[in-house]
Amino acid sequence: MPAPESGRSLTMGLGYERIEQFHFSLANPGLPTGGETFRLTGDYTAERLMLSLYAETQQTNIGGLPEWQTDRIDQAGLDGNCALRP
């Protein structure tokens with residue numbers, strides 16, 4: 001939500017992706033299958049400061065056989081930069 005008088009903005013995002021284990025697409029044969037992912041992103045910008053944050057969690061073997069192993073993969077990251085001179 002931009003604040004025009006201050007030169008700052010905050011943008012948030014939310015994503016969801018689910019692909020069954022035995023899914024096949026002729027248009028995208030290299031698509032990784034068997035995963036369900038939830039993702040949250042955020043970007044903050046001020047006059048000389050920029051920060052980006054993401055966090056996601058993924059579960060494998062979605063729609064697969066029950067005897068196959070299921071994993072949970074959690075990831076998070078923070079990037080930023082600051083201009084020392086205006």
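The minimum heavy-atom distance linking Thr70 with Thr60 is given by the pair CG2-O, 3.2 Å. Among all heavy-atom pairs drawn from Pro29 and Ala27, the shortest one is CD-C, 3.8 Å. The nearest pair of heavy atoms linking Leu51 to Gly80 is CD2-CA, 4.0 Å. Here the closest non-hydrogen pair linking Glu20 and Gly63 is OE1-CA, 3.0 Å.
In this structure Asn81 satisfies the side-chain contact (heavy atoms from CB on, under 4.5 Å) test together with Met50, sequence neighbours excluded. For Leu65, the side-chain contact (heavy atoms from CB on, under 4.5 Å) partners two or more places apart in sequence, or in a different chain, are Phe22, Glu67, Trp68. For Gln75, there are no side chain to side chain donor-acceptor pair (under 3.5 Å) partners, not counting sequence neighbours. With sequence neighbours left out, Gln69 forms a side chain to side chain donor-acceptor pair (under 3.5 Å) with Asp71. For Arg39, the salt bridge (charged side-chain N to carboxylate O under 4.0 Å, His left out) partners are Glu56, not counting sequence neighbours.
For the side chain to side chain donor-acceptor pair (under 3.5 Å) condition, the pairs that include at least one residue of residues 27-36, sequence neighbours left out, are Tyr16-Glu36, Arg18-Glu36.
Using a 4.5 Å cut-off between side-chain heavy atoms of Ile, Leu, Val, Met, Phe, Trp and Tyr, with links allowed through other members, Leu40 and Tyr44 fall into the same hydrophobic cluster.
Expressed to the nearest 0.5 Å, how far CG of Leu49 lies from SG of Cys82 amounts to 5.5 Å. Of the inter-residue distances, the one linking Thr37 atom OG1 with Glu17 atom CD reads 5.5 Å to the nearest 0.5 angstrom. Remark: Leu84 CG to Arg48 CZ distance equals 7.5 Å, nearest 0.5 Å. Between atom CG of residue Leu53 and atom CG of residue Leu78 there is a gap of 6.0 Å, rounded to the nearest 0.5 Å.
Put simply, the side chain of Thr41 does not reach to within 4.5 Å of the side chain of Met12, judged on heavy atoms.
With side-chain heavy atoms closer than 4.5 Å counting as contact, directly or through intermediates, the hydrophobic cluster containing Leu26 also holds Phe24.
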